[in-house]
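Below is one structure, written out as structure tokens; comments come after it.
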Amino acid sequence: MRLDIIRDDFLRCGINPEIGTLPFLDWKFLPKVKGCYSIWQGDISIYVGKAGGKNGLPDRLIHHDAKAFAKDRSGTKHTAGWVHYRKQMADWDPKSWEIEYFEASKEVHRTYLEASMILVFDPLCNDESFSDRLRSEA
């Protein structure tokens, strides 16, 4: 599993979460837990994030489904990275994507682990990494 690379970060937080996987199209079946997740197309990191609301992971992925397939959805903002790669990535294929996720009950752990995942995986559509990528290409 790709998230095994951040095992040292789990230890730093004093947690040993079980990592789950699910096809992206099955996002509705994610557990309603607080945690972090990553979306992958093969070895390419599309997005990483955290979920802390009462309905947990599915509440976040409903927006990523809309962004991935360019659907209009109330409350979904199609940020620059999503728009850019939907248009520019020739093999953009959300039907092939996979979600890796884990439960993390503490907000401080989710914040730390999300940041660690952004640094390690350099996801295409996260605002932070997309903005840095644009600056380095200029």
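This is a predicted model, so every value here is computed, not measured. What's counted below: heavy atoms across the whole structure, side chains too, no hydrogens, waters or symmetry copies. Numbering starts at 1 and runs along the sequence shown.
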Closest approach of P17 to E103 (non-hydrogen atoms, all atoms of both residues): CB-O, 3.6 Å
Closest contact, heavy atoms only, Y37 versus K50: CE2-N, 3.6 Å
Within-4.5 Å side-chain heavy-atom neighbours: D91 and Q41: yes
Linked, directly or transitively: L113 and L119 (ILVMFWY side chains, under 4.5 Å): no
Sub-4.5 Å side-chain heavy-atom contact between D9 and Y112: yes
Side-chain heavy atoms of R86 within contact of V83, under 4.5 Å: yes
Candidate pair E107 and K34, rule salt bridge (Lys or Arg N to Asp or Glu O under 4.0 Å), full reasoning: CA-CA 9 Å; E107 174 66 24; K34 297 175 181 183; over 6 Å; no
Aromatic plane relationship, H64 with Y47 - under 30° parallel, 30 to 60° tilted, over 60° perpendicular: tilted
Nearest heavy-atom neighbours spanning L3 and F10: O-CE1, 4.2 Å
SG on C36 to CD1 on I118, rounded to 0.5 Å: 9.5 Å
Closest non-hydrogen atom pair, N126 against P123: OD1-CG, 3.0 Å
Check: D59 and L57 side chains under 4.5 Å, non-hydrogen atoms: no
I39 and L61, any side-chain heavy atoms less than 4.5 Å apart: yes
Heavy atoms from other residues, nucleotides or ligands near CG of D4 exceed 12 (cutoff 6.0 Å): yes
Flag if over 12 foreign heavy atoms under 6.0 Å of CG, D72: no
Distance in Å, I6 CD1 paired with D8 CG, rounded so as to fall on 0.5 Å steps: 10.0 Å
Test item: T21 and Y101 side chains (from C-beta on) under 4.5 Å apart, heavy atoms: no
Derivation and outcome, side chain to side chain donor-acceptor pair (under 3.5 Å), residues T76 and K67: CA-CA 8 Å; T76 299; K67 294 173 189 181; over 6 Å; no
Electrostatic pair R133:D122 at N-O distance under 4.0 angstrom: yes
Plane angle bin for W92 and W97 - parallel if under 30°, tilted between 30 and 60°, otherwise perpendicular: perpendicular
Same cluster (ILVMFWY, side-chain, under 4.5 Å), V33 and M1: no
Student check: side-chain heavy atoms of D65 and F24 closer than 4.5 Å: yes
Whether F130 and Y85 hold their rings parallel, tilted or perpendicular, with breakpoints at 30° and 60°: perpendicular
L124 side chain reached by S45 side chain, heavy atoms, under 4.5 Å: no
